Enquirer: 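Got a structure here, written out as structure tokens. Questions coming.
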2 protein chains.
Amino acid sequence: MNETGPSSRIPTQPRTRIQRRNHKAILDAALDVFSARGFRGATVDQIALASGLSKPNLLYYFPSKEAIHQQLLSELLDIWLDPLRALDPEGDPISEILAYVRRKLEMSRQMPRESRLFANEVLQGGTHLSDTLSKVLKPLVDEKADVIRRWSDEGRIAAVHPHHLIFSIWSLTQHYADFDVQVRTVLGNAEPDPFPEAEKYLVTLFTRLLTP
Amino acid sequence: MNETGPSSRIPTQPRTRIQRRNHKAILDAALDVFSARGFRGATVDQIALASGLSKPNLLYYFPSKEAIHQQLLSELLDIWLDPLRALDPEGDPISEILAYVRRKLEMSRQMPRESRLFANEVLQGGTHLSDTLSKVLKPLVDEKADVIRRWSDEGRIAAVHPHHLIFSIWSLTQHYADFDVQVRTVLGNAEPDPFPEAEKYLVTLFTRLLTP
DNA sequence: TGAATGTTTGACCAAATGGTCAGGAACACG
DNA sequence: CGTGTTCCTGACCATTTGGTCAAACATTCA
């Protein structure tokens with residue numbers, strides 16, 4: 001065991017300037033590599049190269065490949081759920097849901113690597129996530145599903161299964177990040193940026209679905 | 001190079017009974033392993049074990065891990081596109097699209113491994129697919145998109161962007177196979193089989209979206 | 001300036017992994 | 001039955017990969 005290096009010290013915060021810089025560089029490079037090739041497909045050498053560090057130096061900052069992956073995932077889930085957290089029970093139902101859709105789609109556009117990291121993980125059984133999934137994701141979804149059900153009961157939106165509504169928002173928006181290659185291949189050069197049309201389409205879809 | 005074995009002979013059809021049996025066993029085991037762990041995450045040993053063969057014996061039937069993967073993918077795409085091929089330009093527009101949705105959802109239920117294999121591949125840049133994607137998938141989608149546009153122009157369905165409509169059918173139905181873990185975690189034990197509700201929800205969604 | 005602390009690296013290792021090969025076992029068939 | 005072909009395996013190999021370590025190099029700050 002390598003007992004030197006900041007990685008052995010359970011640092012709440014990286015201390016020095018250099019540590020902060022390299023920490024960041026590693027996580028960014030790792031996001032590139034993990035999202036593009038999956039956990040097993042990524043090698044420590046690739047991450048080291050992409051972050052501009054040597055492999056031993058990288059392992060001075062993180063105890064293992066696994067640890068980097070783990071940290072990325074745990075940081076990710078919070079960011080990932082923020083758009084749903086922001087769904088306001090006191091707001092106008094349809095506007096709130098449409099705003100959620102827009103925020104999620106915007107995340108697919110701005111953070112495709114994060115989306116793919118998550119997709120890779122869930123796709124392969126979500127072993128590194130299953131705890132967080134049931135302890136963080138499920139309660140939040142249940143809470144927001146209740147809000148949607150209430151709106152539905154009050155006749156402010158059309159009747160829909162709240163959980164499946166949420167699934168559909170996830171799948172429709174994340175599709176543009178996760179299946180990017182396919183989307184762009186099918187659309188061809190005529191529509192180089194799929195997102196503007198995607199937004200129009202999704203707004204139409206959810207408006208027609210939800211308007212009572 | 002191992003020049004013995006049926007794999008070196010470009011066999012149009014496996015010859016003997018044993019070859020047919022083992023070929024099938026290998027492809028089935030490989031589908032299990034590749035879909036669950038991705039190409040790089042899968043090992044030849046795992047596939048060999050799952051198919052009940054020794055590693056050298058497996059490599060007697062296929063020249064390489066890559067070759068198994070390749071064959072699975074090329075067989076897959078045809079199956080995968082069948083539901084779309086069946087979309088009948090002469091049929092009733094809404095019934096046709098709903099039937100397509102149902103067929104795709106049924107495939108997610110019956111063939112989740114295939115769905116995940118495909119997702120894994122596209123997610124990681126689709127390098128093994130990009131040719132087929134542009135030469136087979138795109139033309140077919142363009143053709144069916146034209147049909148949908150015609151229906152739209154004739155006022156038989158509401159106005160929608162045809163390509164994005166197709167994307168939405170893909171993402172919504174495949175989500176239940178690809179993100180199975182997440183779906184089941186969120187729904188909990190109360191709804192052990194998500195598919196019946198999923199079908200209701202999707203039928204409602206597309207009916208409301210498309211009814212003029 | 002110099003000692004303590006933090007950072008970096010070349011060389012190295014053990015395990016895992018894709019693949020090979022020589023030869024033995026099982027089978028088909030005249 | 002025997003002989004040619006198909007099928008199967010233990011032993012082996014080269015490469016890749018995650019990770020280690022001692023020692024050199026920087027940086028900080030008293």
Side-chain angles (χ1 to χ4, degrees), chain A residues 1-27 29-30 32-34 36-72 128, chain B residues 1-27 29-30 32-34 36-72 128:
Chain A
M1 268 263 219
N2 182 1
E3 277 304 338
T4 61
S7 67
S8 59
R9 265 184 244 125
I10 319 149
T12 31
Q13 285 276 327
R15 278 140 238 269
T16 76
R17 200 174 326 178
I18 296 176
Q19 267 177 50
R20 261 190 303 276
R21 167 168 50 82
N22 286 347
H23 228 81
K24 235 182 150 184
I26 291 168
L27 288 174
D32 261 11
V33 179
F34 282 137
R37 339 206 15 163
F39 179 73
R40 292 271 334 244
T43 75
V44 176
D45 281 290
Q46 286 163 359
I47 301 173
L49 187 73
S51 63
L53 301 177
S54 67
K55 183 167 65 163
N57 198 13
L58 182 150
L59 289 164
Y60 167 76
Y61 290 100
F62 285 88
S64 69
K65 178 185 169 183
E66 182 84 32
I68 306 176
H69 191 240
Q70 205 58 260
Q71 171 146 2
L72 277 178
H128 301 252
Chain B
M1 270 264 217
N2 183 0
E3 276 306 336
T4 62
S7 67
S8 59
R9 267 184 243 126
I10 318 151
T12 32
Q13 285 276 327
R15 278 141 238 271
T16 76
R17 200 174 327 176
I18 295 176
Q19 266 177 51
R20 261 191 303 276
R21 167 168 51 80
N22 286 346
H23 228 82
K24 236 184 148 182
I26 292 168
L27 287 174
D32 261 11
V33 179
F34 282 137
R37 340 206 14 163
F39 180 73
R40 294 269 335 241
T43 75
V44 176
D45 282 288
Q46 288 163 358
I47 300 172
L49 187 73
S51 63
L53 301 178
S54 67
K55 183 168 64 164
N57 198 15
L58 182 150
L59 289 164
Y60 168 76
Y61 290 101
F62 285 89
S64 68
K65 178 184 168 183
E66 181 85 33
I68 307 175
H69 191 241
Q70 205 57 260
Q71 171 147 1
L72 278 177
H128 301 253

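Excluded from the calculations below are hydrogen atoms, water molecules and symmetry mates; all remaining heavy atoms, backbone and side chain alike, are included. To find a chain, count down the sequence lines: A is the first, B the second, and so on, and within it residues start at 1. Note that the coordinates shown come from a computational prediction; the quantities given were computed from them, not determined experimentally.
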Enquirer: Kindly point out which of C:dT7, D:dT6, C:dG10 is positioned nearest to the side chain of B:T16?
Expert: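 Out of C:dT7, D:dT6, C:dG10, the nucleotide with an atom closest to B:T16's side chain is D:dT6.
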
Enquirer: Examine the base of C:dG19 for any acceptor or donor lying under 3.5 Å from a partner atom in the side chain of B:K65, and report the outcome as yes or no.
Expert: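 It does not, because no donor-acceptor pair links the side chain of B:K65 to the base of C:dG19 below 3.5 Å.
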
Enquirer: Among C:dT8, C:dG19, D:dG18, which nucleotide has an atom closest to any side-chain atom of A:K55?
Expert: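 Among C:dT8, C:dG19, D:dG18, the one nearest the side chain of A:K55 is D:dG18.
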
Enquirer: For the residue pair B:H128 and B:H69, does the interplanar ring angle fall in the parallel (under 30°), tilted (30 to 60°) or perpendicular (over 60°) class?
Expert: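 Answer is perpendicular, since the angle exceeds 60°.
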
Enquirer: What is the separation between atom CD1 on A:I26 and atom P on C:dT7, rounded to the nearest whole Å?
Expert: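 After rounding, the gap between these two atoms is 11 Å.
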
Enquirer: Which atom pair, heavy atoms only, marks the closest approach of B:E66 to B:F39?
Expert: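 B:E66 and B:F39 have their closest heavy atoms at OE1-CZ, 3.7 Å.
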
Enquirer: Can you measure A:L58 atom CG to C:dG6 atom P for me and round it to whole angstrom units?
Expert: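 Spelled out: CG on A:L58 to P on C:dG6 is 19 Å.
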
Enquirer: OP1 or OP2 of D:dT9 less than 4.0 angstrom from a side-chain nitrogen or oxygen of B:S54, does that happen here?
Expert: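 Checking B:S54 against D:dT9: at least one side-chain N or O falls below 4.0 Å of OP1 or OP2.
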
Enquirer: Do you know which two heavy atoms are closest between A:L27 and A:L72, and how far apart they sit?
Expert: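 In terms of heavy atoms, the two residues are closest at O-CD2, 3.7 Å.
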
Enquirer: Using a cut-off of strictly less than 4.0 Å, decide whether B:Y60 has a side-chain nitrogen or oxygen near OP1 or OP2 of D:dC8.
Expert: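 Answer no for this pair, as no side-chain N or O of B:Y60 is under 4.0 Å from OP1 or OP2.
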
Enquirer: Would you indicate whether the side-chain heavy atoms of B:I68 and B:Q71 approach each other to under 4.5 Å?
Expert: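 Side-chain contact under 4.5 Å: no.
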
Enquirer: State whether A:F34 and A:K65 meet the cation-pi test: NZ (Lys) or CZ (Arg) under 6.0 Å from the six-membered ring centroid, and within 45° of the perpendicular axis.
Expert: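 No; the conditions do not both hold, so A:K65 does not lie above the ring face of A:F34.
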
Enquirer: Taking OP1 and OP2 of D:dT17, is either one under 4.0 Å from a side-chain nitrogen or oxygen of B:R40?
Expert: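 Checking D:dT17 against B:R40, a side-chain N or O does come within under 4.0 Å of OP1 or OP2.
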
Enquirer: With a cut-off of less than 4.0 Å, is there a side-chain N or O of B:N57 near OP1 or OP2 of D:dC7?
Expert: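 No, outside the criterion.
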
Enquirer: Using OP1 and OP2 only, check whether a side-chain N or O of B:Q19 sits under 4.0 Å from D:dT6.
Expert: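 For B:Q19, the contact criterion (side-chain N or O under 4.0 Å from OP1 or OP2 of D:dT6) is not met.
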
Enquirer: Return the nearest nucleotide to the side chain of B:N22; candidates are D:dC7, D:dC8, C:dT17.
Expert: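 Output: D:dC8.
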
Enquirer: Expressed as a whole number of angstroms, how long is the span from A:Q46:CD to D:dT16:C1'?
Expert: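 Spelled out: CD on A:Q46 to C1' on D:dT16 is 11 Å.
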
Enquirer: Using the side-chain heavy atoms of A:P56, tell me which of these nucleotides is nearest: D:dT20, D:dT9, C:dG6.
Expert: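 Comparing D:dT20, D:dT9, C:dG6 against the side chain of A:P56, the answer is D:dT20.
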
Enquirer: When the distance from CZ of B:F62 to P of C:dT20 is rounded to whole Å, what number comes out?
Expert: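 Going from B:F62 (CZ) to C:dT20 (P), I get 15 Å.
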
Enquirer: Could you state the CZ-P distance from A:R21 to D:dA26, rounded to the nearest angstrom?
Expert: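 Atom-to-atom, A:R21 to D:dA26, this comes out as 14 Å.
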
Enquirer: With heavy atoms under 4.0 Å as the rule, sort A:A67 into base, sugar-phosphate or nothing.
Expert: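 No contact at all - A:A67 keeps every heavy atom at 4.0 Å or more from the nucleic acid.
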
Enquirer: Identify whether any heavy atom of B:A48 sits under 4.0 Å from a base atom; if not, whether one sits that close to sugar-phosphate; answer base, sugar-phosphate or nothing.
Expert: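 Contact class for B:A48: none.
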
Enquirer: Measure from the side-chain heavy atoms of A:V44 and tell me the nearest of D:dG18, D:dC7, D:dT17.
Expert: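 It is D:dG18.
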
Enquirer: Can you tell me how far P of C:dT17 sits from CD of B:E66, to the nearest Å?
Expert: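 Rounding to the nearest Å, CD of B:E66 and P of C:dT17 are 17 Å apart.
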
Enquirer: Once you round it to whole Å, what is the distance between P of C:dA25 and CD1 of B:I18?
Expert: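 Taking atom P of C:dA25 as the reference, CD1 of B:I18 is at 17 Å.
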
Enquirer: Whole angstroms only, please: what is the CG-C1' distance between A:L59 and C:dT8?
Expert: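 In whole Å, C:dT8 C1' lies 13 Å from A:L59 CG.
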
Enquirer: B:Y61 side chain N/O closer than 4.0 Å to the phosphate oxygens (OP1, OP2) of D:dC8?
Expert: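 So the side chain of B:Y61 is within the cut-off, an N or O lying under 4.0 Å from OP1 or OP2 of D:dC8.
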
Enquirer: Return the minimal non-hydrogen interatomic distance between A:S54 and A:A48, and the atom names on each side.
Expert: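 Taking A:S54 first and A:A48 second, the nearest heavy atoms are C-CB, 4.0 Å.
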
